[in-house]
Amino acid sequence: MNGLDEGNPEGLELLRKSLKKVQIETELHEVEISSGDIADSSNIFVVFGASGDLARKKIYPTLWALFRDNLLPKDTKIFGYARSKFTVEQIREKCAGTVKAKPGEEEALDRFWQSNHYVAGSYDTKRDFEMLAQEMAGMEKGRNNRLFYLALPPSVFKPVTTMIKETCMADKGWTRVIVEKPFGKDSDSSADLSNHLQKLFSEDQLYRIDHYLGKEMVQNLISLRFGNMIFGPTWNRDSIASVIISFKEPFGTQGRGGYFDEFGIIRDVMQNHLLQILCLTAMEKPVTTSPDHIRDEKVKVLKAVQELTMDDVVLGQYQGDPEGEDEDSRLGYLDDKTVPAGSTCPTFAAAVLKIKNERWDGVPFILRCGKALNERKAEVRIQYRDVPGDIFNGQTARNELVIRVQPNESVYAKVMTKTPGMSFTLEETELDLTYKSRYKDARLPEAYERLILDVFVGSQMHFVRSDELAEAWRIFTPLLHKIDNDKPKPIPYKYGSRGPQEADDMAARSGFTYTGRYKWQEPAKL
Ligand code: NDP
Ligand code: BG6
């Protein structure tokens with residue numbers, strides 16, 4: 001038997017374990033039905049854009065990890081497709097730095113590459129796609145499930161999906177298409193792409209990937225919020241003063257400037273990754289954890305978010321640090337040869353979003369993201385209000401609950417305690433759930449691993465629905481058009497800094513308080 005159940009019991013057990021963490025009976029049942037679908041079937045995964053960067057950095061390593069851990073349906077065949085005339089051996093060489101075997105895994109790696117095939121063809125020639133279809137058909141028996149991954153520039157999304165529909169649909173099994181961002185550049189272009197896709201495929205065949213939805217701590221937001229009594233009652237405007245959702249990277253665009261310049265940091269990170277985190281932080285409790293109930297709530301909260309204007313944002317662009325330790329940090333965004341001279345593209349943005357509903361009216365949701373900053377970090381920071389009726393002579397600092405997505409996944413709450421010992425002063429400390437101490441042996445799968453597995457089992461919980469996408473673009477489009485047309489000069493900030501001071505000033509004006517008094521001490525080893 002092929003498939004994820006009988007033929008691959010270890011795989012199903014691992015999958016069950018990972019599902020157990022967050023999903024209730026109903027979804028497990030759904031997944032079991034779907035995994036039943038892939039028993040007795042031929043499963044083919046096609047990577048369009050197999051010669052590209054995304055395929056090398058993310059898709060092939062993910063497929064290898066799933067294969068190695070026995071999580072792919074048995075005998076899954078992988079087809080690379082791109083214009084370059086490569087062989088599987090050449091793709092393997094290209095991926096040598098990203099698809100690697102640890103000692104003892106060499107034989108498995110050979111088997112992995114043996115399950116790979118490659119077809120060279122153009123992205124708009126029917127004959128080439130027919131060739132792909134023919135090659136796939138030659139390897140299939142029984143029900144044929146086909147999964148297509150578009151690791152491609154958006155300029156070819158349309159012809160490729162049209163060709164898939166015309167020539168490559170599974171005739172006896174399911175067809176699923178994974179689309180990578182960017183899903184358009186604004187409301188109109190996104191609607192245009194959505195209309196195109198909806199003419200070809202049904203919503204349950206489309207998987208719009210936002211890889212932040214595959215991250216452990218992003219998925220954990222639902223469990224933390226709705227599985228604990230201590231958070232629910234304070235999760236609102238009465239107790240919370242502000243919410244900051246941050247994404248920081250300590251490197252610049254480095255050779256990727258050509259792509260980046262067309263999009264800028266708002267389209268690259270804020271409109272998708274950070275807004276998805278906002279949805280999970282701010283949405284109401286879904287009726288169940290079924291994918292559509294969750295996505296219904298995400299859409300609902302997005303509908304309550306006001307459109308952004310220039311007054312709500314601070315834009316920045318990094319400059320080289322002449323004293324930087326390495327060459328990269330001495331170069332600014334405009335020194336990147338792939339960036340057009342004089343570009344005003346923002347590499348940093350902070351925006352204050354307002355949610356006009358009963359729970360959040362008056363609470364700023366501050367989204368911050370930037371390249372070439374002082375550290376790598378993604379987190380959600382919930383800052384509570386001042387304690388009313390102070391009896392400690394102003395010694396109390398605001399509580400904060402921080403959900404750190406990366407690196408070093410953790411959840412910590414900053415709380416006030418009595419300084420241990422004879423004194424009766426207060427001090428700020430933390431209740432700390434750091435995953436690597438609490439769950440020493442847990443392997444947290446990469447986001448792409450979880451998401452690709454989800455597509456195999458047919459779970460759309462962690463994928464973006466078309467109405468969600470339309471709402472996300474509604475919020476950002478007027479601002480993006482203003483930036484595209486007026487080209488406001490971004491505030492310069494130094495490579496390796498925390499970004500423009502103006503962003504901190506805007507956060508302070510909006511209701512976030514920074515005291516600078518909190519000092520974290522790593523717990524002593526017992
Ligand atoms: P901080 O008080 O250092 O920072 C709190 C917030 O204030 C952050 O959003 C920070 O932004 C912002 N901030 C920093 N400097 C300024 C400034 N000058 N003006 C305005 N805002 C500012 O507390 P953290 O919660 O960040 O903790 C400090 C350190 O302790 C971190 O490195 C954290 O990882 C570590 N820690 C680790 C724990 C663990 O491993 N489990 C538990 C608790 C803390 P920005 O993000 O830009 O710095
Ligand atoms: C991508 C952005 O979507 O996410 C990149 O296009 C960014 O600019 C990346 O670097 C960050 O992903 P991660 O998983 O490394 O935080």
Side-chain angles (χ1 to χ4, degrees), residues 53-54 57-58 62 151 180-183 209-218 242-257 259-277 347-348 350 366-383 397-415 428-438 446-451 493 496-510 512-523:
D53 228 32
L54 179 66
K57 286 196 192 140
K58 296 285 184 198
T62 301
E180 263 287 344
K181 75 172 176 94
F183 312 117
I209 210 163
D210 181 315
H211 77 282
Y212 265 61
L213 291 176
K215 293 194 186 254
E216 178 75 23
M217 299 310 280
V218 175
S242 63
V243 177
I244 303 195
I245 303 175
S246 308
F247 165 96
K248 297 165 85 179
E249 266 183 351
F251 44 83
T253 52
Q254 285 158 346
R256 208 176 145 239
Y259 156 83
F260 187 87
D261 203 77
E262 222 192 294
F263 293 91
I265 195 77
I266 296 179
R267 288 185 176 99
D268 191 43
V269 172
M270 190 184 277
Q271 181 270 353
N272 36 68
H273 305 328
L274 297 192
L275 196 67
Q276 284 294 329
I277 297 180
T347 59
F348 174 99
I366 303 165
L367 308 189
R368 296 190 305 164
C369 48
K371 302 263 175 194
L373 296 176
N374 60 334
E375 61 184 333
R376 174 169 185 254
K377 182 169 89 171
E379 68 177 24
V380 183
R381 185 176 296 269
I382 318 279
Q383 188 175 75
R398 289 178 166 188
N399 294 135
E400 281 180 1
L401 175 69
V402 182
I403 296 124
R404 195 167 52 210
V405 175
Q406 63 189 35
N408 192 12
E409 291 83 349
S410 60
V411 182
Y412 59 94
K414 288 155 92 167
V415 294
E428 212 178 344
T429 185
E430 66 287 319
L431 302 173
D432 178 6
L433 168 63
T434 296
Y435 271 43
K436 70 173 190 275
S437 335
R438 178 62 178 81
E446 286 290 317
Y448 276 93
E449 290 174 39
R450 292 174 207 261
L451 295 175
Y493 63 94
S497 69
R498 291 185 52 259
Q501 173 63 40
E502 286 79 348
D504 286 340
D505 297 343
M506 182 174 72
R509 278 197 311 277
S510 312
F512 173 71
T513 301
Y514 174 72
T515 63
R517 291 202 302 259
Y518 176 71
K519 297 283 171 277
W520 184 66
Q521 284 184 13
E522 197 149 354

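Nothing fancy with the numbering, it's 1 onward along the sequence. We count ligands from 1, going down the list as the structure has it; atoms in each ligand are counted the same way.
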*Asks:* Spell out, as yes or no, whether a donor-acceptor pair under 3.5 Å connects the side chain of Q383 to the backbone of T513.
*Replies:*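 Between the backbone of T513 and the side chain of Q383 there is a qualifying donor-acceptor contact (under 3.5 Å).
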*Asks:* Got a donor-acceptor contact below 3.5 angstrom from the N374 side chain to the G496 backbone?
*Replies:* no
*Asks:* To check your reading of the model: name the closest protein heavy atom to atom 15 (O) of ligand 2, its residue, and the distance in Å.
*Replies:*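 Looking at atom 15 (O) of ligand 2, the protein heavy atom closest to it is R376 NH2, 4.1 Å.
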*Asks:* Write down the atom of T62, the atom of Y448, and the distance for their closest heavy-atom approach.
*Replies:*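 Reported closest heavy-atom pair: OG1-CB, 3.3 Å.
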*Asks:* How close does the nearest protein non-hydrogen atom get to atom 10 (C) of ligand 1, and which residue and atom is it?
*Replies:* R498 NH2, 4.2 Å
*Asks:* What protein heavy atom sits nearest atom 7 (C) of ligand 2, and how far away is it?
*Replies:* E249 OE2, 3.5 Å
*Asks:* Can you check whether a protein heavy atom sits less than 4.0 angstrom from atom 48 (O) of ligand 1?
*Replies:* yes
*Asks:* Which of the atoms of ligand 1 are close to K248, meaning less than 4.0 Å from one of its heavy atoms?
*Replies:*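 By the 4.0 Å cutoff, the relevant atoms are 45 (P), 46 (O), 47 (O), 48 (O).
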*Asks:* Does even one non-hydrogen atom of I244 get within less than 4.0 Å of ligand 1?
*Replies:*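 The answer is no: ligand 1 sits nowhere under 4.0 Å from a heavy atom of I244.
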*Asks:* If you look at every heavy atom in L367 and M270, which pair is closest and at what distance?
*Replies:* O-CE, 3.5 Å
*Asks:* Given that the side chain starts at C-beta and the backbone is N, CA, C, O, which of these parts of E180 lies under 4.0 Å from ligand 2, counting heavy atoms, or is it both or neither?
*Replies:* neither
*Asks:* With a 4.0 Å cut-off on heavy atoms, does K414 reach ligand 1?
*Replies:*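 In this structure, K414 qualifies as a contact of ligand 1 - some heavy atom is under 4.0 Å.
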*Asks:* Quick one: do F247 and L274 satisfy side chain to side chain contact (heavy atoms under 4.5 Å, CB included)? Show the steps, please.
*Replies:* CA-CA 8 Å; F247 165 96; L274 297 192; 3.9 Å; yes
*Asks:* Measure across Q521 and E430 and return the closest heavy-atom pair with its distance rounded to 0.1 Å.
*Replies:*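 Reported closest heavy-atom pair: O-OE2, 4.5 Å.
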*Asks:* Looking only at protein heavy atoms, which one is nearest to atom 39 (C) of ligand 1, and how far off is it?
*Replies:*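 Going atom by atom, the protein heavy atom closest to atom 39 (C) of ligand 1 ends up being W520 CZ2, 3.4 Å.
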*Asks:* Do you know which two heavy atoms are closest between A350 and M506, and how far apart they sit?
*Replies:* O-CE, 3.5 Å
*Asks:* Which option, Q406, K371, K377, K215, owns the non-hydrogen atom nearest atom 14 (O) of ligand 2?
*Replies:* K215
*Asks:* At under 4.0 Å between heavy atoms, which part of Y212 makes contact with ligand 2: side chain, backbone, both or neither?
*Replies:* side chain
*Asks:* For atom 3 (O) of ligand 1, what is the nearest protein heavy atom, given as residue, atom name and distance?
*Replies:* Y514 CE1, 4.5 Å
*Asks:* Which one holds for E522 and ligand 1: side chain close, backbone close, both close, or neither close, with close meaning a heavy atom under 4.0 Å?
*Replies:* neither
*Asks:* Indicate the atoms forming the closest heavy-atom contact of I245 with V380, along with that distance.
*Replies:* CG1-CG1, 4.2 Å
*Asks:* Please answer whether the main-chain N or O of G214 pairs with a side-chain N or O of R450 as donor and acceptor at a distance below 3.5 Å.
*Replies:*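 Checking the backbone N and O of G214 against the side chain of R450, a donor-acceptor pair under 3.5 Å is found.
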*Asks:* Geometry only, no angles: is H211 polar-contacting ligand 2 at N/O separations under 3.5 Å?
*Replies:* yes
*Asks:* Can you pull out the closest protein heavy atom to atom 5 (C) of ligand 1? Residue, atom name and distance to 0.1 Å, please.
*Replies:* R381 NH1, 3.3 Å
*Asks:* Going by heavy atoms, is R404 under 4.0 Å from ligand 1?
*Replies:*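 Checking ligand 1 against R404, which is what was asked, there is a heavy-atom contact under 4.0 Å.
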*Asks:* Among I209, D268, I265, N272, which residue places a heavy atom closest to atom 6 (O) of ligand 2?
*Replies:* D268
*Asks:* Among protein heavy atoms, which sits nearest to atom 41 (N) of ligand 1, and what does the distance come to when rounded to 0.1 Å?
*Replies:*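 Ranked first by proximity to atom 41 (N) of ligand 1 is T434 OG1, 2.6 Å.
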*Asks:* Tell me: protein heavy atom nearest atom 27 (O) of ligand 1, and distance?
*Replies:* Y518 CE2, 3.4 Å
*Asks:* Distance under 4.0 Å to a non-hydrogen atom of F512: what atoms of ligand 1 satisfy this?
*Replies:*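 Contacts of ligand 1 toward F512, numbered from 1: 6 (C), 7 (O).
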*Asks:* Who's the nearest protein heavy-atom neighbour of atom 3 (O) of ligand 2, and how far?
*Replies:* H273 NE2, 2.7 Å
*Asks:* Using the salt bridge (charged side-chain N to carboxylate O under 4.0 Å, His left out) rule, take E249 and K371 through it: C-alpha gap first, then chi angles, then the decisive distance, then the call.
*Replies:* CA-CA 5 Å; E249 266 183 351; K371 302 263 175 194; 2.7 Å; yes
*Asks:* Which protein non-hydrogen atom lies closest to atom 31 (C) of ligand 1, naming both residue and atom, and how far is it?
*Replies:*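 Checking every protein heavy atom, the shortest distance to atom 31 (C) of ligand 1 gives Y412 OH, 4.5 Å.
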*Asks:* Please report which non-hydrogen protein atom sits nearest to atom 46 (O) of ligand 1, along with the residue it belongs to and the distance in Å to one decimal place.
*Replies:* K377 NZ, 2.4 Å
